[in-house]
Amino acid sequence: MLGYVRKNISEVEYHTWFAPVRPLGVQQGSLVLGVRNSFAQEWFRKHYLELLEDALRSMGAQSPQVSFQVLPAVQDAMILPQDPPPRSPSSSNGRSSPERGERGSIPQGVTDSRKALNPKYIFENFVVGPNNNLAHAAALAVAESPGKAYNPLFIYGDVGLGKTHLMHAVGHYMAERYPDKRIEYVSTESFTNDLINAIRDDKMTQFRNRYRSVDLLLVDDIQFLAGKERTQEEFFHTFNALYENHKQIILSSDRPPKDIQTLEGRLRSRFEWGLITDIQSPEFETRVAILKMNAEHHRMNIPQEVLELIARQVTSNIRELEGALMRVVAFASLNNVPFSRAVAAKALSNVFAPQEVKVEMADVLRAVAGHYNIPPDAIRGSGRVREVVVPRQMAMYLIRELTGHSLPEIGGFFGRDHSTVMHAVQKVTEQLGRDSELTEAAAFLKRRLQGLEGDDSSV
Ligand SMILES: Nc1ncnc2c1ncn2[C@@H]1O[C@H](COP(=O)(O)OP(=O)(O)OP(=O)(O)O)[C@@H](O)[C@H]1O
């Protein structure tokens, strides 16, 4: 549709109105397009409805219908990680951030995709750990001496480990220091698509102009070149043109060049000219640090133990890690409960295999105190009235059941000896099944401490 529209209106009009439009789906036979505000909605209805219907007709629709909806404003506070920049061919080929002919240094017919860089993906937001420190150091070196340090820089690693983030960071770094430099970020898919369009529309000169006149070329997911001969051929020439002019090239891939099947030998060897570096899955500490940074970034005070629980749950993909944090935040906020390990475990239980929450003695004490509505210190104190003795025995029993602590350790926690704990555990065990109130309390507290029950207090 966009192709049709673009041919029928001016470039400026196209970029002003159509670049921000998002397809929302089909409702009752009508294609629903998301627009930025009610003014745009009105404008589309008045000026572009017919054009859009014609576009659909040209694609074979019998009785095309198009309607417009205002896109909801993005609320920064609730949306934690920013989405990665659009990668689909229709939205990431540079059209979303065009400045054709508007900037002195950019030749006509050439896009400046600096704005396509995700603002979140900067060096300052990149947590360095043993898993990524080499890739990080290499990216920094390249950012400081583009075209000189390592060319090309080839970063590979599994999904969601920060390859795109590092590439964009170099882009931002360069854009800040050298505002006149041209930076192009493109996914291999978009590159391929642009090439296909250029061939079809007889615009190869513009295509070559665009890619061969940049100072920094960032190409994501280069493994998708596999099997695409024409794209490889064109990319080969782009690569050579840039390389010979000492322009920096950074490539990312999910595997090293030698493992990309059906990649032409001459391209493979070029990819190996510079530096090949990988990113591994982050260690536990790095995962916690990433979560902490994300929480702080959004001014959310999330206890360390909650971050640790999330970091234990998601071990390999950082995008998923950030998603898990977002789920926990949304869950706590929707249910209006404070962040706790139990809340986090509950929030994540639908997505990930339920995880054993490691229960600490202090957790049990707090939960029991909350349930019986007495201060924790009273439970650990020396009082002998029934109101504190029952909760104390319950707490000892639950600690014995849910933690790996020994009788003397539990005794130490309560300032008593191990025989007192043994007696308490026996007492509660005997009462279970006989005393319904105590049985229910034990079952409820157990579930809550293991994160299987809603958290209405301060577990
Ligand atoms: N070291 C890190 N510190 C902070 N955030 C990170 C780090 N690594 C990755 N992230 C975040 O994880 C998310 C996924 O990263 P990114 O998109 O760069 O992964 P990728 O390796 O390019 O994945 P794909 O293979 O899907 O393209 C992003 O939100 C990014 O900011």
Side-chain angles (χ1 to χ4, degrees), residues 74 76 78-89 91-92 113 116-140 142-143 152-173 183 185-192 217-226 250-257 259-260 276-298 300 302 307 310-311 313-329:
V74 176
D76 194 40
M78 277 307 297
I79 295 181
L80 281 176
Q82 289 195 13
D83 287 339
R87 290 237 187 124
S88 68
S91 59
S92 64
S113 66
L117 298 176
N118 188 326
K120 184 198 147 200
Y121 293 177
I122 52 177
F123 280 119
E124 288 78 359
N125 289 344
F126 192 83
V127 175
V128 183
N131 62 313
N132 60 23
N133 59 354
L134 289 180
H136 174 261
L140 206 53
V142 160
L153 174 62
F154 192 104
I155 307 173
Y156 74 93
D158 277 342
V159 174
L161 293 184
K163 303 182 292 293
T164 308
H165 188 138
L166 268 186
M167 286 180 133
H168 283 215
V170 177
H172 285 299
Y173 191 98
I183 297 159
Y185 164 78
V186 71
S187 69
T188 302
E189 234 182 325
S190 305
F191 183 87
T192 308
L217 180 64
L218 311 166
V219 187
D220 226 338
D221 295 321
I222 199 80
Q223 75 273 8
F224 290 132
L225 274 187
I250 308 185
L251 309 168
S252 92
S253 166
D254 65 354
R255 64 200 80 170
D259 292 345
I260 304 178
I276 300 174
T277 176
D278 67 335
I279 303 187
Q280 297 287 333
S281 297
E283 298 70 16
F284 176 70
E285 289 76 13
T286 311
R287 300 201 297 278
V288 174
I290 291 172
L291 288 173
K292 204 172 192 152
M293 191 195 65
N294 265 280
E296 276 165 11
H297 193 73
H298 293 275
M300 280 176 311
I302 303 180
L307 299 179
I310 301 171
Q313 190 80 69
V314 188
T315 53
S316 56
N317 182 328
I318 298 175
R319 194 174 295 121
E320 273 181 15
L321 186 71
E322 293 176 334
L325 176 65
M326 191 166 88
R327 275 190 83 85
V328 172
V329 171

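We're numbering straight along the sequence, starting at 1. Just so you know, ligand 1 is whichever comes first in the structure, and atom 1 is the first atom listed for that ligand.
- Side-chain contact check for Met326 versus Asn294: every heavy-atom pair is 4.5 Å or farther apart.
- Ranked by closest heavy atom to atom 8 (N) of ligand 1, the top entry among Thr164, Asn294, Asn118, Ile318 is Ile318.
- In this comparison of Ala169, Gly160, Gly129, the heavy atom closest to atom 23 (O) of ligand 1 sits on Gly160.
- Each of Val127, Thr286, Leu307 was compared with Leu291 under the side-chain contact (heavy atoms from CB on, under 4.5 Å) criterion, and only Leu307 meets it.
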Exercise for the section: Show your working on side-chain contact (heavy atoms from CB on, under 4.5 Å) between Ile302 and Val328 and close with a plain yes or no. Expected result: CA-CA 10 Å; Ile302 303 180; Val328 172; 5.9 Å; no
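- Listed by atom number, the atoms of ligand 1 under 4.0 Å from Asn125 heavy atoms are 3 (N), 4 (C), 5 (N).
- Each of the atoms 1 (N) of ligand 1 lies under 4.0 Å from some heavy atom of Asn132.
- Taking distance alone, with nitrogen or oxygen atoms compared against 3.5 Å, Asp220 stays at or beyond that limit from ligand 1.
- Asn125 places no side-chain N or O within donor-acceptor distance of the main-chain N or O of Ile122, the cut-off being under 3.5 Å.
- Using the six-membered ring where Trp is involved, His136 and Phe126 have ring planes that are parallel, under 30° apart on the 30 and 60° scheme.
- Between Val127 and ligand 1, at least one pair of N/O atoms sits closer than 3.5 Å.
- Nearest residue to atom 18 (O) of ligand 1 from Lys120, His165, Glu320, Met293 is His165 (criterion: closest heavy atom).
- Checking only distances, Val159 never comes within under 3.5 Å of ligand 1, N or O to N or O.
- Checked against the 6.0 Å centroid threshold, Phe123 and His172 do not count as a close aromatic pair.
- Counting the atoms of ligand 1 from 1 in the order shown, those under 4.0 Å from a heavy atom of Leu161 are 8 (N), 9 (C), 19 (O), 20 (P), 21 (O).
- A donor-acceptor contact shorter than 3.5 Å is absent between the side chain of Arg255 and the backbone of Gln223.
- For ligand 1, the atoms lying closer than 4.0 Å to a non-hydrogen atom of Tyr121 are 17 (O), 28 (C), 29 (O), 30 (C), 31 (O).
- For the residue pair Asp221 / Ser187, no side-chain donor-acceptor distance below 3.5 Å is found, with atom types taken as modelled.
- Within the listing of ligand 1, atoms 8 (N), 9 (C), 15 (O), 16 (P), 18 (O), 19 (O), 20 (P), 21 (O) sit less than 4.0 angstrom from a heavy atom of Gly162.
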